[in-house]
Amino acid sequence: IDSSMKNGLPPAELRDRIVARAGGNPFFIEESIRALVDSGAIARDDKGDWVLRERAAALDVPATLHAVVAARIDRLPPLAKECIQLASVIGQRFGDRVLRAAGGERLADAVDILIAADLVVEGAPGERREGRFRFKHAVTQEVAYNTLLVRRRTELHRRVALSIEDVLANEIRDFYPALAHHYLLGEVPDKAAVYSWRAAQRAMNIHAHVEALRFAEQAAELYEKLGDVDRAVEAMYLVGRVRRYQGDGDAALAAYERARILLESRPEPDRSRIASVYAHIAELATRWDVKHPDLDGVIVRGLALVGEEPSPARVRLLAARAFAPRKLARATDADWEDALRTAEEALGIAEELGLLREVSLCLDAVGYAYRALGKFREAYAANQRRIPIAQSLQDSDELIDAHNMVSATAVVLGNLDEAMEHAKVAGEIAQSTEKPRLGGYALAVAAGARLLAGDFNGAVATVNDSPC
């Protein structure tokens, strides 16, 4: 309190009342004092000392921090109050250009009053990418936002979104999340869906999976409400992928099942689209070990939908069938011989159609069957073929898995240095792309290879130094 009142001490009774209300919160103390000064309840005398304009017991020290901030906002000049409300809609950080486009020149100039009142501050040059100004405290933005009627908030969110599109058109990719937010709260669902989907895709490109998941789920929900089944399903596929990356197989499966139900609910269901969903479910359950109560039924129904014509869905369903013996309690050599034939059939179709990702998938199935049959050199060769394919696709998922499988077979073949090198590469890619499950497998193989090489300390260091 003494620090906030600069060059003067408050009366002891007043200080005790503020401390009792603030509960030790420095911001509450600071804002309470500012509120009392702004109201004229305390002021400096001719000597510069703080004096009370009325008895301390009669002073109104608000009971909550929100009440303190609200009182300060209420005492702002009308234009400054309108400015802080608009700024609160824009966000914790807000730029001059958007503020002027949405509110006009006179309103935007009132930001100087907010700065003088210490409610808003200018960011340092390095902080200004997201906006020249920011609220000094998050609670100030929250309180200012809550002073707006719901209808007015909705209108301002729409105005802010239009202003961002107008004045930030050349850098709009950086503002997809903000546009999705403003159009959602501005009750413009079609534009909210478009920008949510763009924000999800952009987040995936930089491996920001948490953000990608949030916006993909939002896009899926919006597109579903708008009746745009195709785009809703596309968004659900992305949700499924990210959930799998995060190791949440059940949530991934739920996303694909939701997509299937949507597609099947159409008056004239598209058999090939439904088969594609079955293929995704089957791959999730076989290749990535997610439990499904009726895996065989999924594969059978999917293959019945695609028929005998070569297609990506047929390839993925056959590959899933080739992986299926992994789910058996005791798979026999005969099971794996059948699996190998199925995987090679799928590989032939994928190569005929030029489907590189599916080629890598099928080579994985071929390699797995060879490993189960004890033919490790053949398994090693199949997975080595996957690496340049995954590199050309820039598919980190396939690339990590390919390096992991090469590493695992290299261990069995006694090529421990090579095994450690491939595991290292897989771990580095998994770390940079935020795929902890695949990174964990690489870590286990690398540590095992070091143990087999007699390097116990190296194995321990591999585990301790890994971020996965």
Side-chain angles (χ1 to χ4, degrees), residues 180 183-201 203-204 209 212-246 248-321 323-324 327 353 355 357-358 361:
Y183 275 125
L184 179 67
L185 295 182
E187 298 181 1
V188 187
D190 54 340
K191 282 203 164 188
V194 168
Y195 283 116
S196 295
W197 179 237
R198 290 178 182 175
Q201 291 176 305
M204 282 298 291
H209 293 150
L213 179 62
R214 178 165 64 91
F215 283 110
E217 288 180 330
Q218 184 168 293
E221 183 177 347
L222 287 166
Y223 279 130
E224 186 174 353
K225 288 180 179 177
L226 290 166
D228 192 336
V229 172
D230 290 335
R231 286 191 172 90
V233 168
E234 188 177 10
M236 288 171 199
Y237 280 166
L238 182 53
V239 171
R241 281 174 58 199
V242 176
R243 289 295 191 187
R244 176 171 65 77
Y245 294 160
Q246 295 176 333
D248 191 348
D250 289 341
L253 184 61
Y256 291 131
E257 288 288 1
R258 184 176 162 201
R260 177 186 63 79
I261 291 168
L262 266 184
L263 289 169
E264 289 181 341
S265 67
R266 281 177 155 173
E268 296 182 6
D270 184 331
R271 292 169 61 88
S272 64
R273 294 290 308 278
I274 296 170
S276 182
V277 179
Y278 276 123
H280 279 87
I281 293 171
E283 182 179 344
L284 187 68
T286 54
R287 194 184 190 196
W288 305 112
D289 294 327
V290 174
K291 293 181 180 179
H292 193 284
D294 186 23
L295 175 59
D296 288 340
V298 167
I299 295 173
V300 169
R301 288 192 294 275
L303 287 171
L305 286 168
V306 297
E308 297 296 323
E309 288 295 315
S311 68
R314 180 169 176 78
V315 170
R316 291 197 298 271
L317 286 160
L318 289 173
R321 176 172 279 176
F323 277 118
K327 313 296 284 187
L353 296 176
L355 305 170
R357 185 196 174 276
E358 282 74 12
L361 164 65

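In this structure a side-chain-to-backbone donor-acceptor pair under 3.5 Å is present from R314 to G307. In this structure, the side chain of K327 engages the main chain of A285 through a donor-acceptor pair within 3.5 Å.
Interatomic distance, CE of M204 versus CZ of F215, reported as 14.5 Å (0.5 Å rounding). Rounded to the nearest 0.5 Å, atoms CZ (F323) and CG (L295) are 12.5 Å apart. Separation of atoms CZ (R260) and OG (S265) is listed at 10.5 Å; rounding is to 0.5 Å. Taking CG from D190 and OH from Y223, the interatomic distance works out to 9.0 Å, rounded to the nearest 0.5 Å. Put simply, CG on D250 and NZ on K291 are 8.5 Å apart, with the number rounded to the nearest 0.5 Å.
Between L253 and R244 there is no side-chain heavy-atom pair separated by less than 4.5 Å. By the 4.5 Å heavy-atom criterion applied to side chains, L222 and W197 are not counted as neighbours. Looking at heavy atoms from C-beta onward, Q246 lies in side-chain contact with V242 at the 4.5 angstrom threshold. You'll find the side chain of E358 stays beyond 4.5 Å of the side chain of L353, heavy atoms only. Between R258 and V239, every side-chain heavy-atom pair lies at or beyond the 4.5 Å cut-off. Side chains of R301 and I274 form no contact here, defined as non-hydrogen atoms less than 4.5 Å apart. At a threshold of 4.5 Å between non-hydrogen side-chain atoms, the residues L284 and H292 do not count as touching.
Between A232 and L262, the closest heavy-atom pair is CB-CD1, 3.9 Å. In this structure, A282 and A320 approach most closely via the heavy-atom pair CB-CB, 3.5 Å.
Each of R214, Q218, E221 was checked for a side-chain hydrogen bond (donor to acceptor under 3.5 Å, both in side chains) with S196, and the lone residue meeting it is Q218. Of the options L263, L305, V298, a side chain to side chain contact (heavy atoms under 4.5 Å, CB included) to V277 is made by L263 and by none of the others.
Contact check on R357 versus E283 returns a salt bridge, with a Lys/Arg side-chain nitrogen under 4.0 Å from an Asp/Glu carboxylate oxygen. A salt bridge links E217 with R243; the closest basic N to acidic carboxylate O contact falls under 4.0 Å. Salt bridge present: D228 and R231 bring a charged side-chain N and a carboxylate O closer than 4.0 Å.
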**Item:** R321 vs T286, side chain to side chain donor-acceptor pair (under 3.5 Å): CA-CA, chis, key distance, verdict
**Value:** CA-CA 8 Å; R321 176 172 279 176; T286 54; over 6 Å; no
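Relative ring orientation between H280 and Y237 is described as parallel, the plane-to-plane angle staying below 30° on a 0-90° scale split at 30° and 60°. In this structure, Y195 and Y183 have parallel ring planes: the angle between them is below the 30° cut-off, well short of the 60° mark.
The environment of D270 atom CG is dense: over 12 non-hydrogen atoms of other residues, nucleotides or ligands sit within 6.0 angstrom.
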